Visitor: 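Dropping a structure here in structure tokens format, bear with me for questions.
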Amino acid sequence: MANPPIAFLGTGAYVPSRILGNNEIAQRVETSDEWIVTRTGIRERRIAGPTETVSDMATAAARAALEDAQISADQIDLIILATLTPELTMPATACLVQKKLGVSERAACFDLNAACTGFLYALDTAWALLASGRYRHALVIGAEKLSSVLDWTDRSTCVLFGDAAGAAILGPARTNTQGILGTRLHTVPGAAELLYIPGPEVSPNPLDLRRLLRMKGREVFKFAVRAMEDVARELLEQHQIEAHQIDRVIPHQANLRIIDAIAHYLKLPLDRFYINLDRYGNTSAASIPLALHEARQQGKIRPGDLTLLVAFGAGLTYGGALVRW
Ligand code: ACO
């Protein structure tokens with residue numbers, strides 16, 4: 001008998017309690033609520049407390065996902081954590097989460113960095129490893145403390161991002177509808193300077209000494225629209241699905257204008273897209289699992305629904321996934 005498909009068995013999310021609204025940012029840098037809302041759709045974001053770590057947030061989201069999946073920590077044999085803000089340079093934040101959750105030594109634990117496309121890269125990797133039969137239940141997390149890498153004097157970036165974590169449990173499908181149908185991942189070569197955080201290497205740019213996020217927003221914007229449309233079309237064609245057959249799109253939550261443009265190009269109504277960036281801003285690798293979990297909680301993804309997950313990020317990376325619930 002063929003193995004059952006690999007499916008999402010549960011989802012979870014966590015956001016810090018501290019809310020940072022646009023007006024509060026406008027007291028620190030020259031901006032306004034009106035500018036931020038019209039250019040991005042973002043109204044507020046969450047900021048982790050000074051002692052609240054990436055592994056704390058990731059563990060909270062993972063606990064919620066385990067409960068949702070009705071799976072115990074000792075059934076997990078693979079943890080993949082996507083982040084661009086790891087708690088330590090080593091070991092991987094996934095190892096810290098393993099300890100906090102009480103996942104056994106049998107588990108393989110590692111981090112992965114594909115910036116805002118991180119959750120989809122982690123999903124694709126976990127899917128492949130589970131489908132190989134070598135692992136049975138994977139915990140896939142996207143978690144970020146972006147507030148720690150933002151230049152709070154740079155109005156063109158500090159208004160965009162927030163802190164959060166989202167998680168999913170993947171394993172053998174439990175119903176005959178659910179399963180991951182397909183994924184596509186890509187990377188544009190030679191585009192690193194559009195969006196980066198410097199490392200310890202010496203750079204000719206004195207600003208890089210501060211090791212904070214730098215971005216050419218306008219170029220990233222154009223890339224984002226083209227990339228997410230292309231990968232969505234590629235997946236749809238590959239699986240012979242028409243765009244209108246998608247019940248819900250979970251896009252990376254970077255900018256409402258980007259999502260609006262994709263809806264327009266795919267000829268889908270905007271209400272087919274789940275949007276929460278107004279409340280959280282761009283939470284990078286946490287963005288898609290956080291949106292997925294909220295959409296499920298609000299009944300906006302129901303058993304049997306077909307969803308398209310689509311993201312872009314530094315790299316420049318981009319990707320998509322088709323998932324039946
Ligand atoms: N408040 C007021 N004015 C601002 C602000 C601000 N917060 N930020 C920039 N401006 C000014 C600029 O200085 C510029 O002024 P100028 O014309 O006098 O030079 C003007 O607004 C227009 O700037 P643009 O950059 O052209 O504004 P744009 O409409 O492109 O919006 C934005 C900027 C929101 C950053 C947009 O380009 C964007 O969303 N880009 C995509 C970014 C993104 O999604 N990045 C995440 C990638 S995911 C990852 O991997 C982390």
Side-chain angles (χ1 to χ4, degrees), residues 20-45 54 82-86 112-122 142-164 166 185-188 191-198 211-229 231 250-262 275-278 280-291 309-320:
L20 177 63
N22 291 346
N23 285 327
E24 203 180 330
I25 297 188
Q27 289 166 13
R28 302 184 194 172
V29 289
E30 205 180 321
T31 189
S32 65
D33 177 57
E34 197 266 334
W35 192 96
I36 302 169
V37 172
T38 33
R39 297 293 179 116
T40 71
I42 299 165
R43 293 180 185 276
E44 59 190 37
R45 68 289 292 143
V54 178
T83 188
L84 65 89
T85 50
L112 165 163
N113 178 354
C116 298
T117 323
F119 184 78
L120 295 185
Y121 272 68
E144 303 282 11
K145 190 172 175 177
L146 294 166
S147 58
S148 65
V149 294
L150 292 179
D151 179 349
W152 288 99
T153 65
D154 175 11
R155 67 178 183 174
S156 69
T157 53
C158 75
V159 302
L160 302 175
F161 299 95
D163 301 333
L185 304 175
H186 298 295
T187 310
V188 179
E193 83 287 357
L194 296 183
L195 178 51
Y196 67 96
I197 299 172
R211 300 206 199 148
L212 299 174
L213 184 145
R214 301 277 155 218
M215 181 176 72
K216 293 187 177 149
R218 216 173 296 179
E219 284 92 329
V220 174
F221 188 103
K222 282 186 221 144
F223 156 77
V225 175
R226 197 268 298 159
M228 293 211 283
E229 185 200 351
V231 77
I250 307 288
H252 173 45
Q253 309 281 318
N255 186 319
L256 185 57
R257 288 189 294 142
I258 294 175
I259 298 174
D260 215 7
I262 295 159
I275 295 166
N276 63 6
L277 60 82
D278 51 324
Y280 305 125
N282 179 347
T283 59
S284 192
S287 159
I288 287 200
L290 171 60
L309 321 183
V310 63
F312 70 96
L316 294 167
T317 57
Y318 61 106

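Only a predicted model underlies this, so the values are computations on that prediction, with no experimental measurement involved. Every number for a ligand or one of its atoms is a count from 1 in the order of the listing. Note: hydrogens, waters and symmetry copies are ignored here, and every other heavy atom, side chains too, is used. Position 1 is the first residue of the sequence; numbering continues from there.
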Visitor: Geometry only, no angles: is Phe312 polar-contacting ligand 1 at N/O separations under 3.5 Å?
Guide: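 So ligand 1 has no N or O lying under 3.5 Å from an N or O of Phe312.
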Visitor: Students should be able to answer this: which protein heavy-atom is nearest to atom 44 (O) of ligand 1, and at what distance?
Guide: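 Ranked first by proximity to atom 44 (O) of ligand 1 is Ala254 CB, 3.3 Å.
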Visitor: Does an N or O from Gly217, backbone or side chain, lie closer than 3.5 Å to an N or O of ligand 1?
Guide: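 Yes - when backbone and side-chain N and O of Gly217 are compared with those of ligand 1, one distance drops under 3.5 Å.
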Visitor: Between the candidates Glu144, Arg218, Glu34, which shows the shortest non-hydrogen contact distance to atom 23 (O) of ligand 1?
Guide: Arg218
Visitor: Determine yes or no for a side-chain-to-main-chain donor-acceptor pair under 3.5 angstrom, with Arg155 supplying the side chain and Glu30 the backbone.
Guide: yes
Visitor: By salt bridge (charged side-chain N to carboxylate O under 4.0 Å, His left out), which residues pair with Asp33, not counting sequence neighbours?
Guide: none
Visitor: How about Asn23 and Arg43: does a side-chain donor come under 3.5 Å of a side-chain acceptor?
Guide: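 Distance-only check fails for Asn23 and Arg43.
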Visitor: With a cut-off of 4.0 Å, which atoms of ligand 1 are near a heavy atom of Ala314?
Guide: 49 (C), 50 (O)
Visitor: Which protein non-hydrogen atom lies closest to atom 46 (C) of ligand 1, naming both residue and atom, and how far is it?
Guide: Asn282 ND2, 3.3 Å
Visitor: Begin with the C-alpha distance, continue with both residues' side-chain angles, and end with the deciding distance and a verdict on side chain to side chain contact (heavy atoms under 4.5 Å, CB included) for Asn255 and Leu277.
Guide: CA-CA 7 Å; Asn255 186 319; Leu277 60 82; 5.5 Å; no
Visitor: Between Ile262 and Ile259, does a side chain to side chain contact (heavy atoms under 4.5 Å, CB included) hold up when you go through it step by step?
Guide: CA-CA 5 Å; Ile262 295 159; Ile259 298 174; 5.5 Å; no
Visitor: Does Leu120 offer a backbone N or O that forms a donor-acceptor pair with the side chain of Thr117 under 3.5 Å?
Guide: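 Pair absent, no side-chain N/O of Thr117 close to backbone of Leu120.
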Visitor: Tell me whether atom 18 (O) of ligand 1 lies less than 4.0 Å from at least one protein heavy-atom position.
Guide: no
Visitor: Could you list the atoms of ligand 1 found under 4.0 angstrom from a heavy atom of Phe161?
Guide: 51 (C)
Visitor: Which residue and atom name correspond to the protein heavy atom nearest atom 13 (O) of ligand 1, and how close is it?
Guide: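 The closest heavy atom on the protein side is Arg155 NH2, 3.1 Å.
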Visitor: For His252 and ligand 1, does the shortest N/O to N/O distance drop below 3.5 Å?
Guide: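 Looking only at distances, the answer is no, because the N/O contact criterion of under 3.5 Å is not met.
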Visitor: Could you walk me through whether Phe312 and His252 satisfy the side chain to side chain contact (heavy atoms under 4.5 Å, CB included) test, starting with their C-alpha distance in whole Å, then the side-chain angles of each, then the deciding distance to 0.1 Å, before giving a yes or no?
Guide: CA-CA 7 Å; Phe312 70 96; His252 173 45; 3.6 Å; yes
Visitor: Which of the numbered atoms in ligand 1 are under 4.0 angstrom from any heavy atom belonging to Thr40?
Guide: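 Ligand 1 atoms under the 4.0 Å threshold to Thr40: 34 (C).
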Visitor: Nearest to atom 45 (N) of ligand 1, what protein heavy atom do you find, and at what distance?
Guide: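 For atom 45 (N) of ligand 1, the nearest protein heavy atom comes out as Met215 SD, 3.2 Å.
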Visitor: Give the contacting part of Trp35 toward ligand 1: side chain, backbone, both or neither, where contact means a heavy-atom distance below 4.0 Å.
Guide: side chain
Visitor: Can you confirm, on distance only, whether ligand 1 has an N/O atom lying under 3.5 Å from any N/O atom belonging to Asn255?
Guide: yes
Visitor: Does the plane of the ring in Tyr318 sit parallel, tilted or perpendicular to the ring in Phe223? Use 30° and 60° as the thresholds.
Guide: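 Ring orientation, 0 to 90° scale: perpendicular.
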Visitor: Under 3.5 Å, N or O to N or O, is Arg39 touching ligand 1 that way?
Guide: yes
Visitor: Nearest 0.5 Å please: distance from the CG atom of Asn22 over to the CG atom of Leu20.
Guide: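 Result: 8.0 Å between the selected atoms.
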Visitor: For atom 47 (C) of ligand 1, which of the options Ile258, Leu195, Val159 provides the nearest non-hydrogen atom?
Guide: Leu195
Visitor: OG of Ser148 to CZ of Arg211: how many Å apart, nearest 0.5 Å?
Guide: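 Output value for this atom pair is 13.0 Å.
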Visitor: Quick one: does ligand 1 sit under 4.0 Å from the side chain of Thr157, the backbone, both or neither, non-hydrogen atoms only?
Guide: neither
Visitor: With respect to Thr31, determine whether any N or O atom, backbone or side chain, lies less than 3.5 Å from an N or O atom of ligand 1.
Guide: yes
Visitor: Look at atom 31 (O) of ligand 1 and say which protein heavy atom is nearest, naming residue and atom and giving the distance to 0.1 Å.
Guide: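 Going atom by atom, the protein heavy atom closest to atom 31 (O) of ligand 1 ends up being Arg257 NH2, 3.4 Å.
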Visitor: Using a heavy-atom cut-off of under 4.0 Å, does the side chain or the backbone of Leu213 touch ligand 1, or both, or neither?
Guide: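 Neither; no heavy atom under 4.0 Å.
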Visitor: Side chain to side chain contact (heavy atoms under 4.5 Å, CB included) with Met215: which of Asp151, Leu194, Leu160?
Guide: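 Of the listed residues Asp151, Leu194, Leu160, the side chain to side chain contact (heavy atoms under 4.5 Å, CB included) partner of Met215 is Leu160.
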Visitor: Could you tell me whether atom 40 (N) of ligand 1 has at least one protein heavy atom nearer than 4.0 Å?
Guide: yes
Visitor: Enumerate the atoms of ligand 1 whose separation from the nearest heavy atom of Gly313 is less than 4.0 angstrom.
Guide: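 Going through ligand 1 atom by atom, the ones under 4.0 Å from Gly313 are 48 (S), 49 (C), 50 (O).
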Visitor: For atom 48 (S) of ligand 1, which protein heavy atom lies nearest, and how many Å away is it?
Guide: Cys116 SG, 2.6 Å
Visitor: Are the side chain of Asp278 and the backbone N or O of Ile42 linked by a donor-acceptor pair below 3.5 Å?
Guide: no
Visitor: In terms of atom number and element, which parts of ligand 1 are under 4.0 angstrom from non-hydrogen atoms of Ala115?
Guide: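 Those qualifying, in numeric order: 50 (O).
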Visitor: Going by atom types only, do Glu144 and Thr283 share a side-chain donor-acceptor pair under 3.5 Å?
Guide: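 Absent: no donor and acceptor within the cut-off.
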Visitor: Does ligand 1 come near enough to Ser284 that some N or O of the ligand is less than 3.5 Å from an N or O of the residue?
Guide: no
Visitor: Side chain of Trp152, backbone of Ser147: donor and acceptor closer than 3.5 Å?
Guide: yes
Visitor: Looking only at non-hydrogen atoms, find the nearest pair between Ile36 and Thr31 and report the distance.
Guide: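 Minimum heavy-atom contact is CG1-OG1, 3.6 Å.
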